[in-house]
Amino acid sequence: MTYQRASEEQKADGIAAPVGNLFGSLTAAIAGQAIAGHEGALTGAIVGPILEETGRTVMSRLLGARDRRRVESAVTFATAAVKRNLGMGMSIRQDSFWEARGGFPPPAQETLEAVLMAAQRDPEERKLRLLGNAYAYIACDPAMTPSASHWLIKTAEALTWTQLQLLSLVARVDELETSGIAIGKGANNWDSVSLHKELIDLGTGGRFLIHGGYETLQNGIKIPSSALSTQRLVNPGTLIFGALRLGDIATSELEDIVARLRRPVSQAANEA
């Protein structure tokens, strides 16, 4: 697929949509929950300046058209995600998320800026929808303190698209045929090596977002299980899975990853 063709398909999927009133659309989605006379409801007069100032700040830093397109896409996806969350019965938070603190910007502004700057920096544009999901989730869940919000955004930016797919795979591992696949074993070509290394990094090798329990060696020593079929999301992984809506990743993509984890050297050479 050429880059030009990819860009056209992304536009059809919501990326780089016309932005005339981009931040106004996000403001309307958030403040639109307010009902006339509803005490404490947020209004566009409260939300608008926060989001629009963030937009001006971030846009003023952008140098290239591609950077701008990524940021615009993240806002478009965040707007759609807010509308979806409200349609599912969630509510926009009414707490101090929208309030300035001791001369510092409101958390709503800081977290949106963090999301947009992550979008601007990240070359994996398939993650833009997930970054939009992150902001929509933060805007609806009062449990997301500033520290929790920035951890989520930082982690979403740091994880590769493949690792996010793998988190989705582990969450749905019982739906897939993964028997016989051992993490870190049987990686015989560049692609499978990278997949195994990404899995190791998600687990005991670094981030501790997944764990497979323990297996006992013949000498009685217990070690972390390497079987893919036993892996499960631990609590931080579960939170990321839900907040980013990794369950929306197509099952066909996960089946492809399983096939690639099994792929022998000879097949990989022939495909190359």
Side-chain angles (χ1 to χ4, degrees), residues 81 84 88 122 124-131 133-134 137 141 143 148 151-272:
R84 180 198 60 233
M88 294 173 60
D122 201 321
E124 291 192 287
E125 296 190 2
R126 287 170 292 187
K127 291 169 57 178
L128 295 176
R129 184 186 299 275
L130 305 185
L131 291 171
N133 289 344
Y137 181 84
D141 188 352
W151 176 81
L152 173 63
I153 297 164
K154 181 179 179 181
T155 304
E157 181 182 9
L159 294 174
T160 65
W161 170 248
T162 297
Q163 286 182 311
L164 293 166
Q165 289 177 301
L166 289 168
L167 284 179
S168 185
L169 187 158
V170 169
R172 298 147 67 183
V173 71
D174 291 339
E175 304 171 19
L176 303 164
E177 176 48 58
T178 59
S179 60
I181 298 177
I183 298 174
K185 301 177 183 178
N188 297 318
N189 56 73
W190 276 107
D191 186 53
S192 62
V193 165
S194 69
L195 291 172
H196 281 274
K197 290 296 185 182
E198 296 280 48
L199 278 166
I200 291 170
D201 182 59
L202 289 175
T204 55
R207 298 185 179 277
F208 298 98
L209 300 178
I210 65 175
H211 199 282
Y214 292 90
E215 57 186 52
T216 304
L217 301 178
Q218 290 182 348
N219 59 9
I221 296 177
K222 290 187 176 182
I223 62 172
S225 173
S226 62
L228 181 57
S229 60
T230 67
Q231 302 301 310
R232 298 293 184 271
L233 299 181
V234 297
N235 191 50
T238 300
L239 294 174
I240 292 170
F241 177 84
L244 301 186
R245 291 185 60 90
L246 299 183
D248 290 344
I249 295 176
T251 302
S252 59
E253 295 185 34
L254 309 185
E255 291 172 339
D256 176 67
I257 288 177
V258 171
R260 288 158 56 197
L261 283 164
R262 296 185 187 279
R263 186 170 57 174
V265 177
S266 57
Q267 182 181 345
N270 291 335
E271 292 176 358

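None of these values were measured; they are calculated from a predicted model.
For the atom pair CG of L246 and CG of L130, the computed distance is 6.0 Å after rounding to the nearest 0.5 Å. Rounded to the nearest 0.5 Å, atoms CD1 (I210) and CD (Q163) are 9.5 Å apart. Residue N133 holds its CG atom at 13.0 Å from NZ of K127, rounded to the nearest 0.5 Å. Atom-to-atom distance recorded for S194:OG and K197:NZ is 11.0 Å, nearest 0.5 angstrom. Taken from CG in L169 to OG1 in T251, the straight-line distance is 10.0 Å, to the nearest 0.5 Å. Considering CD1 of I257 and OG1 of T162, their distance stands at 6.0 Å, rounded to 0.5 Å.
Using a distance-only test at 3.5 Å, with no hydrogens or angles considered, no donor-acceptor pair links the side chain of S225 to the main chain of E215.
What you find for L159 and L164 is that their closest heavy atoms are CD1-CD2, 3.8 Å. Contact detail for P224 and Y214: the closest heavy-atom pair is N-CD2, 3.6 Å. Contact between F241 and A171 at its shortest, heavy atoms only, is CE1-CB, 3.5 Å. E157 and D122 get closest at one heavy-atom pair: O-OD2, 3.7 Å.
For the side-chain hydrogen bond (donor to acceptor under 3.5 Å, both in side chains) condition, the pairs that include at least one residue of residues 231-242, sequence neighbours left out, are D174-R232.
Residues W161 and I249 meet the side-chain proximity criterion, which asks for heavy atoms closer than 4.5 Å. Side-chain contact between L152 and L244: present, with at least one pair of heavy atoms (C-beta onward) separated by less than 4.5 Å. Here the side chains of L261 and L199 are in contact, with some heavy-atom distance below 4.5 Å.
Contacts of N219 classified as side chain to side chain donor-acceptor pair (under 3.5 Å), with partners at least two apart in sequence or in another chain: none.
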### Task
For R260 and D256, run salt bridge (Lys or Arg N to Asp or Glu O under 4.0 Å): C-alpha distance rounded to whole Å, both residues' side-chain angles, the deciding distance at 0.1 Å, then the answer.
CA-CA 6 Å; R260 288 158 56 197; D256 176 67; 3.3 Å; yes
Validation: residues 175-184 side-chain donor-acceptor distances under 3.5 Å, sequence neighbours left out:
{"residue": "E177", "atom": "OE2", "partner": "S179", "partner atom": "N", "Å": "3.1"}
{"residue": "E177", "atom": "OE2", "partner": "S179", "partner atom": "OG", "Å": "2.2"}

